[in-house]
Amino acid sequence: MRTAFCFLATVFSIFCFAQKEFQPAGSEVIETVDGDLDGDHIPEKVIIYNTKDTTAYGNIREIQILKNSNGKWAILEKSRNAVLSSNAGGMMGDPYQSTEIKKGILEITQAGGSSWKWGYTDKYRFQNGHFELIGYSSSSGKPEEYWTDVDFNLSTGRLILAKEVENTKEYGKSKNETFIKKGLKINLQNRNQDQRREISLPQTKEKVYL
């Protein structure tokens with residue numbers, strides 16, 4: 001028992017040192033998540049930081065993914081584009097909801113709005129040396145008006161849209177469409193980096209923004 005305790009204490013001490021080494025100056029930790037992301041059965045550590053750097057939408061967030069190799073921590077990947085800034089949720093303020101690791105997939109959920117609300121989850125897989133966006137699911141709308149759900153598998157290109165309309169006088173009838181859109185290359189580095197990506201659906205004429 002004492003040996004196991006000492007081992008865990010050593011591992012924790014090494015990680016704390018690594019975190020301080022890589023942590024952006026003046027930042028605060030929002031969340032830390034453990035899980036195997038590269039398939040080697042050794043858990044990585046995912047850390048979300050609230051940095052002191054700001055934009056018009058508040059404090060910039062940085063995500064770091066740390067990998068342990070032979071007792072030494074190193075940054076597998078980091079980005080300041082995948083997690084929205086602290087005030088990017090509009091009237092709801094901070095859009096950050098959670099980060100999870102499920103079956104080797106990194107999931108980041110964010111949401112915002114006011115009476116009109118939006119929320120989405122990005123799903124990343126470590127492949128081709130990067131964390132690539134393989135899935136996107138979102139919900140947006142306003143109660144008593146309409147609600148739109150999108151499920152997009154970027155690996156297969158299959159995009160499913162379902163728009164349930166309550167206020168048909170204003171927004172027309174409910175719509176459903178499945179569309180194949182391949183070729184989008186999105187990862188932790190270029191997510192939210194440029195202008196939002198727009199996908200126009202040919203049948204319903206709805207637009208999906210990533």
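None of the values given here were measured: they were computed from a predicted structure.
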> Given Asp122 and Ile186, is the side chain to side chain contact (heavy atoms under 4.5 Å, CB included) satisfied, shown in steps?
Replying inline: CA-CA 10 Å; Asp122 284 336; Ile186 304 174; over 6 Å; no

>> Measuring from atom CG of Asn50 to atom CD1 of Ile30, what distance do you get when rounded to the nearest 0.5 angstrom?
In response: 4.5 Å

> Tell me, do Pro24 and Arg80 make a side-chain contact under 4.5 Å, heavy atoms counted?
Replying inline: yes

> Taking all atoms of both residues into account, what is the closest heavy-atom pair of Glu44 and Leu76, and its distance?
Replying inline: CG-CD2, 4.4 Å

> So, for Lys182 and Thr156, which heavy atoms are closest and what is the spacing to 0.1 Å?
Replying inline: CE-O, 3.2 Å

> Below 4.5 Å, heavy atoms only, C-beta onward: do Val33 and Glu100 meet side chain to side chain?
Replying inline: no

> Can you list the other members of the hydrophobic cluster that holds Ile134, where links are side-chain heavy atoms under 4.5 angstrom apart?
Replying inline: Ile105

> Any chain of hydrophobic side-chain contacts (each under 4.5 Å) joining Leu133 to Tyr209?
Replying inline: no

> Which pairs, with at least one residue in residues 132-156 and sequence neighbours excluded, count as a salt bridge (Lys or Arg N to Asp or Glu O under 4.0 Å)?
Replying inline: Lys142-Glu145

> How close do Met92 and Gly113 get, heavy atom to heavy atom, and via which atoms?
Replying inline: CG-O, 2.8 Å

>> Do Ile108 and Tyr124 make a side-chain contact, defined as non-hydrogen atoms from C-beta onward lying under 4.5 Å apart?
In response: yes

> So if you build clusters from Ile, Leu, Val, Met, Phe, Trp, Tyr with side-chain heavy-atom gaps below 4.5 Å, do Tyr49 and Ile101 land together?
Replying inline: no

> So how far is it from Glu206 CD to Lys175 NZ, rounded to the nearest 0.5 Å?
Replying inline: 4.0 Å

>> Looking at every heavy atom in both Ser115 and Pro143, which two are closest together, and how far apart are they?
In response: O-CD, 3.7 Å

> Is a donor on one side and an acceptor on the other found under 3.5 Å between the side chain of Glu107 and the backbone of Lys102?
Replying inline: no

>> Does Gln127, at its CD atom, have more than 12 non-hydrogen atoms belonging to other residues, nucleotides or ligands within less than 6.0 Å?
In response: yes

>> Run the side chain to side chain contact (heavy atoms under 4.5 Å, CB included) test on Lys169 and Asn167 for me, step by step, so that the C-alpha distance in whole Å, both residues' side-chain angles and the decisive distance to 0.1 Å come before the verdict.
In response: CA-CA 5 Å; Lys169 182 178 180 180; Asn167 185 351; 3.8 Å; yes

>> To the nearest 0.5 Å, what is the distance between CG on Asn128 and CG on Asn187?
In response: 10.0 Å

> Testing Val83, Thr51, Asp53 for side-chain contact (heavy atoms from CB on, under 4.5 Å) with Arg61, which one passes?
Replying inline: Val83

>> Same cluster or not: Trp116 versus Leu161, using hydrophobic residues (I, L, V, M, F, W, Y) connected whenever any side-chain heavy atoms lie under 4.5 Å apart?
In response: yes

> Can you find a heavy atom in the side chain of Phe179 that is under 4.5 Å from one in the side chain of Val208?
Replying inline: no

> Between atom CG of Asp38 and atom CZ of Phe126, what is the distance when rounded to the nearest 0.5 Å?
Replying inline: 6.0 Å

>> Less than 3.5 Å apart, any donor N or O on the side chain of Lys163 or Ser174 sitting next to an acceptor on the other?
In response: no

> Just wondering, are more than 12 heavy atoms of other shown residues or ligands nearer than 6.0 Å to NZ in Lys78?
Replying inline: no

>> In the structure I gave you, are the side-chain heavy atoms of Ile199 and Phe152 within less than 4.5 Å of one another anywhere?
In response: yes

> Can you check whether Thr121 reaches Tyr136 side chain to side chain, under 4.5 Å on heavy atoms?
Replying inline: no

> Looking at CD1 of Ile75 and CD1 of Ile47, how far apart are the two atoms once the value is rounded to the nearest 0.5 Å?
Replying inline: 9.0 Å

> Between Asn59 and Ser27, is there a donor-acceptor pair closer than 3.5 Å when you use the side chain of the first and the backbone of the second?
Replying inline: no

>> Contact between Leu210 and Arg191 at the side-chain level, heavy atoms closer than 4.5 Å - yes or no?
In response: yes

>> Using the side-chain hydrogen bond (donor to acceptor under 3.5 Å, both in side chains) criterion, which residues pair with Lys123? Sequence neighbours excluded.
In response: none

>> Working note: Tyr96 + Glu31, criterion side chain to side chain contact (heavy atoms under 4.5 Å, CB included); need CA distance, chi angles, decisive distance, verdict.
In response: CA-CA 10 Å; Tyr96 181 76; Glu31 188 169 15; 2.5 Å; yes

> Within the distance-only criterion (no hydrogens, no angle test), does the side chain of Asp36 pair as donor or acceptor with the backbone N or O of Gly104 below 3.5 angstrom?
Replying inline: no

> Hey, are the side chains of Ser138 and Trp118 touching, using non-hydrogen atoms and a 4.5 Å cut-off?
Replying inline: no

>> Using 0.5 Å steps for rounding, measure from the CG atom of Asn70 to the CD1 atom of Ile42.
In response: 8.0 Å

> For Gln110 and Ala82, which heavy atoms make the closest approach, and how far apart are they?
Replying inline: NE2-O, 3.3 Å

> Are Ile160 and Val150 in one and the same hydrophobic cluster, where Ile, Leu, Val, Met, Phe, Trp and Tyr link if side-chain heavy atoms are under 4.5 Å apart?
Replying inline: no

> Given the rule that I, L, V, M, F, W and Y join up when any side-chain heavy atoms are under 4.5 Å apart, are Ile63 and Val29 in one cluster?
Replying inline: no

>> Would Asn190 and Arg197 count as a side chain to side chain contact (heavy atoms under 4.5 Å, CB included) here? Give the steps.
In response: CA-CA 11 Å; Asn190 63 22; Arg197 299 164 179 85; 3.7 Å; yes

> Is there a donor-acceptor pair closer than 3.5 Å between any side-chain N or O of Glu77 and the backbone N or O of Leu188?
Replying inline: no

> Any idea which heavy atoms bring Leu84 and Pro95 closest together, and the distance?
Replying inline: CB-CG, 3.7 Å

>> Test your reading of the model: is there a side-chain donor-acceptor pair from Gln97 to the backbone of Tyr120, 3.5 Å cut-off?
In response: no

